[in-house]
Amino acid sequence: MDISKKSRSELKGQKATILWLTGLSAAGKSTIANLVDARLHALGKHTYLLDGDNVRLGLNKDLGFSDTDRIENIRRVAEVAGLMVDAGLIAIVAFISPFRRERAMARRLVGPGEFIEIFVDTPIAVAEARDPKGLYKKARRGEIKDFTGIDSPYEPPQDPEIRIDTTVLSAEDAAEQIVRFLGMRS
Ligand SMILES: Nc1ncnc2c1ncn2[C@@H]1O[C@H](COP(=O)(O)OP(=O)(O)OP(=O)(O)O)[C@@H](O)[C@H]1O
Ligand SMILES: [Mg+2]
């Protein structure tokens, strides 16, 4: 391990970072994360997107949605994102990640300024009305247990680096706000 994180990210012309999007199901995390990924890629940045929908089918396919499994889910994702930062990448993480403690743990894995918590703030009524995957409907019918916001808690960030109110900001404008934040601090 002779090559440092600093030299790896300098070679890529960027500051290695975790962009951690948290929020309810259907809040807009994946939608916004994909737009951020595309914009940064177009700017010549080296990114990678970790999304609940892909990681849960592979790395974390042994995990369910109990509190214990949700904690382990986030621990593994945080470790992988931390390795990506070591590799000099901008890791974009789009997970509900409902617990404050686990998000704080993820933050501690990387250096100061390398963890950007983005609260995709969508009220449950709005998220439930969108329901693009029909999950709220299933949860209300009791076909899904431990669903965040219904019978499993969501702990909103108290001091996120970025808060996105999707009731007033389009997904495109949200992505723009995030990319601008990165530009301003470098
Ligand atoms: N301002 C907005 N920002 C983001 N998404 C929006 C916005 N307005 C409407 N939407 C819609 O809301 C839905 C959000 O779904 P998305 O899959 O991105 O949510 P998610 O937070 O990733 O949920 P999950 O945790 O279930 O993966 C999409 O259908 C998107 O088009
Ligand atoms: Mg998603």
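These figures come from a predicted structure and were not determined experimentally. For ligands, and for the atoms within them, numbers begin at 1 and follow the listed sequence.
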[X] side chain near [Y] side chain, heavy-atom distance below 4.5 Å:
{"X": "Lys12", "Y": "Leu89", "answer": "yes"}
{"X": "Trp20", "Y": "Ile74", "answer": "yes"}
{"X": "Leu40", "Y": "Gln14", "answer": "no"}

Closer than 4.0 Å to some heavy atom of [X] - which atoms of ligand 1 meet that?
{"X": "Ile96", "value": "25 (O)"}
{"X": "Ala171", "value": "1 (N), 2 (C), 3 (N), 4 (C)"}
{"X": "Thr166", "value": "1 (N), 2 (C), 3 (N)"}

Among all protein heavy atoms, pick out the one at the shortest distance from [atom]; state its residue, atom name and that distance to 0.1 Å.
{"atom": "atom 7 (C) of ligand 1", "answer": "Arg130 NH2, 3.6 Å"}
{"atom": "atom 28 (C) of ligand 1", "answer": "Thr31 OG1, 3.7 Å"}
{"atom": "atom 21 (O) of ligand 1", "answer": "Lys29 NZ, 2.7 Å"}
{"atom": "atom 23 (O) of ligand 1", "answer": "Ala26 N, 2.8 Å"}

TODO: For atom CG of Asp159, decide whether the heavy atoms of other residues, nucleotides or ligands shown that lie under 6.0 angstrom number more than 12.
DONE: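 No, because the 6.0 Å sphere around CG of Asp159 holds 12 heavy atoms or fewer from other groups.
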
Under-4.0 Å salt bridge between [X] and [Y]:
{"X": "Asp62", "Y": "Arg76", "result": "yes"}
{"X": "Glu176", "Y": "Arg39", "result": "yes"}
{"X": "Arg75", "Y": "Glu72", "result": "yes"}

Counting both backbone and side chain atoms, is some N or O of [X] under 3.5 Å from an N or O of ligand 1?
{"X": "Gly28", "result": "yes"}
{"X": "Ala27", "result": "yes"}
{"X": "Lys133", "result": "yes"}
{"X": "Ser30", "result": "yes"}
{"X": "Leu169", "result": "yes"}

Open item on the list: Tell me the nearest of Gly23, Ala174, Ser25, Ser170 to atom 26 (O) of ligand 1, using heavy-atom distances.
Closed with: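 Selected option, by shortest heavy-atom distance: Ser25.
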
Task: N/O/S atom of Thr31 inside 2.8 Å of the Mg ion (ligand 2), strictly under - done: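 Checking the Mg ion (ligand 2) against Thr31, no N, O or S atom falls under 2.8 Å.
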
Open item on the list: I'd like to know whether the aromatic ring centres of Tyr136 and Phe147 sit less than 6.0 Å apart in this structure.
Closed with: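 Centroid separation for Tyr136 and Phe147: below 6.0 Å.
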
Open item on the list: Side chain, backbone, both or neither: which applies to Leu24 and ligand 1 if a contact is any heavy-atom pair less than 4.0 Å apart?
Closed with: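 Leu24 to ligand 1: backbone contact only, side chain stays beyond 4.0 Å.
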
Open item on the list: Here's a test for you: under side-chain contact (heavy atoms from CB on, under 4.5 Å), which of Val85, Ile116, Leu19 qualifies with Ile90?
Closed with: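 Of the listed options, the one satisfying the test is Leu19.
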
Task: Row check, Phe95 ring normal vs Arg56 NZ/CZ: under 6.0 Å, within 45° - done: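 No cation-pi geometry.
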
